[in-house]
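Read through the structure below, which is laid out as structure tokens, and then see the notes.
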Amino acid sequence: MVVVMAPDATDEQIAHVAERVESVGGQAFVSRGVVRTIIGLVGDIESFHGLNLRTMPGVADVHRISDPFKLVSRQHHPDRSTVWVGPKGHQVPIGPDTFTFIAGPCAVETPTQTLEAAEMARAAGATLLRGGAFKPRTSPYAFQGLGVRGLEILADVRETTGLPVVTEVVDARDVAVVAEYADMLQIGTRNMANFGLLQAAGEAGKPVLLKRGMTATIEEWLMAAEYVAQRGNLDVVLCERGIRTFEPRTRNTLDISAVPIVQSTSHLPVIVDPSHAGGRRDLVLPLSRAAMGAGADGVIVDVHPDPEHALCDGPQALFGADLRALAQAVRQLPPVLGRVDARERIRG
Ligand code: PEP
Ligand code: MN
């Protein structure tokens with residue numbers, strides 16, 4: 001932390017700042033310039049926060065130098081992490097050496113629709129199945145998901161297809177039941193800053209897929225991940241899913257630079273959701289290619305056997321030739337960039 005003193009700060013004011021810093025066990029390095037004095041602080045940053053440095057006479061500004069997150073930071077853990085998803089005997093990696101393709105319906109609607117979507121996903125090369133049983137809808141009148149019945153369907157489909165399941169939890173009260181069925185808990189964009197939910201997910205004993213809040217900065221997103229990590233769960237995968245901008249042609253604007261920024265700041269894996277970013281089927285392939293090119297550790301996409309009759313997000317769901325084209329890109333592009341297909345690294 002660096003304290004910048006005002007040009008007219010007195011020697012007493014400078015000494016007062018240094019004394020207060022030392023009173024909480026820190027060290028203050030005073031550097032006197034021609035016009036201004038700056039004081040570099042070394043020590044426990046949280047104890048400096050408690051000093052209210054900004055309110056002290058003669059203090060013009062206070063700057064934080066290190067990142068506010070710790071457990072998810074690469075300073076804490078220099079090597080990038082791999083998160084393993086699935087039951088013992090069939091764990092799928094999401095991390096720096098592999099490329100993980102996750103696909104499935106936006107929402108679980110019926111057993112047949114979910115199974116068909118899962119078969120499509122598997123045939124396209126996906127190693128994990130996505131599908132919402134609890135749906136966080138903007139409108140309270142829209143389909144809210146099948147709830148626990150949807151979780152049962154996902155478990156049955158996992159049994160049939162062998163694909164571990166990632167599904168969303170929208171309420172801290174449901175974490176236990178979702179964790180009972182799911183292999184990975186998804187926290188959606190609307191709940192990224194629901195700190196009680198993040199803490200509950202951090203205690204559930206399952207990996208967490210944490211989507212970026214649609215208006216969240218990268219730092220806020222990583223602080224949300226820190227909430228999960230602080231509860232003892234470092235198995236967090238981040239998912240860039242587009243942010244709100246002024247552009248109405250897409251549902252959200254995919255922030256592709258978030259991928260390398262997160263990877264240089266945090267050790268956690270980061271994947272991209274091109275379906276919820278663009279909200280348009282025709283954009284899923286180009287946005288997926290962009291994600292692969294930017295170095296994402298995977299993609300998560302919506303597929304549906306009959307998008308026209310989908311109860312949720314039909315316009316972005318892939319099927320037929322579009323899904324085949326994406327499957328081909330996933331086979332071809334990541335190896336060029338030095339990654340192996342997650343299917344080849346499944347841990348038995
Ligand atoms: C979803 O993946 O089904 C979903 C609702 O995504 P998001 O939270 O990114 O909108
Ligand atoms: Mn959706």
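Whatever order the structure lists them in is the order used to number ligands and atoms, beginning at 1.
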Query raised in the report: Does any N, O or S atom of D313, backbone or side chain, fall under 2.8 Å from the Mn ion (ligand 2)?
Result: yes
Query raised in the report: Strictly under 4.0 Å, does any heavy atom of R212 approach an atom of ligand 1?
Result: no
Requested in this report: State the atoms of ligand 1, each with its element, that fall below the 4.0 Å cut-off from a heavy-atom position in R241.
Outcome: 7 (P), 9 (O), 10 (O)
Query raised in the report: With side chains defined as the heavy atoms from C-beta onward, is the minimum distance between L41 and L53 less than 4.5 Å?
Result: yes
Report task. Identify the protein heavy atom lying closest to atom 8 (O) of ligand 1, giving its residue, its atom name and the separation to 0.1 Å. Result -> T189 N, 2.8 Å
Query raised in the report: For D79, does its backbone N or O pair with a side-chain atom of H77 as donor and acceptor, under 3.5 Å?
Result: yes
Query raised in the report: Nearest 0.5 Å, what's the CZ-CE distance between R190 and M214?
Result: 4.0 Å
Query raised in the report: Pick from I38, T10, I39: which one makes a side-chain contact (heavy atoms from CB on, under 4.5 Å) with M5?
Result: I39
Report summary line: Of all protein heavy atoms, the one nearest atom 2 (O) of ligand 1 is R130 NH1, 2.7 Å
Query raised in the report: Closer than 2.8 Å to the Mn ion (ligand 2), do we get an N, O or S atom from C106, backbone or side chain?
Result: yes
Report summary line: The atom of H276 among N, O or S that is nearest the Mn ion (ligand 2) is NE2
Query - N or O contact, R190 vs ligand 1, cut-off under 3.5 Å - result: yes
Report task. Provide the number and element of each atom of ligand 1 under 4.0 Å from a heavy atom of G188. Result -> 8 (O)
Report task. Look at the side chain of Q113 and the backbone N and O of E109, then say whether any donor-acceptor pair between them is shorter than 3.5 Å. Result -> yes
Query raised in the report: Roughly how far, to the nearest 0.5 Å, is the CD atom of E119 from the CG atom of L129?
Result: 10.0 Å
Query raised in the report: When you measure from atom 4 (C) of ligand 1 to every protein heavy atom, which one gives the shortest distance, and what is it?
Result: H276 NE2, 3.4 Å
Query raised in the report: atom 5 (C) of ligand 1: which protein heavy atom is closest, and how many Å away?
Result: E168 OE1, 3.8 Å
Report task. Could you list the atoms of ligand 1 found under 4.0 angstrom from a heavy atom of K211? Result -> 1 (C), 2 (O), 4 (C), 6 (O), 7 (P), 8 (O), 9 (O)
Report task. Among N252, T217, T189, D255, find the one that has a side-chain hydrogen bond (donor to acceptor under 3.5 Å, both in side chains) with R212. Result -> D255
Query raised in the report: Going by heavy atoms, is M214 under 4.0 Å from ligand 1?
Result: no
Report task. Answer yes or no: is there a donor N or O on one side and an acceptor on the other, between the side chain of W84 and the main chain of I346, under 3.5 Å? Result -> no
Report summary line: Paired with R339, the side-chain contact (heavy atoms from CB on, under 4.5 Å) test is passed by just one of T100, D97, D297, namely D297
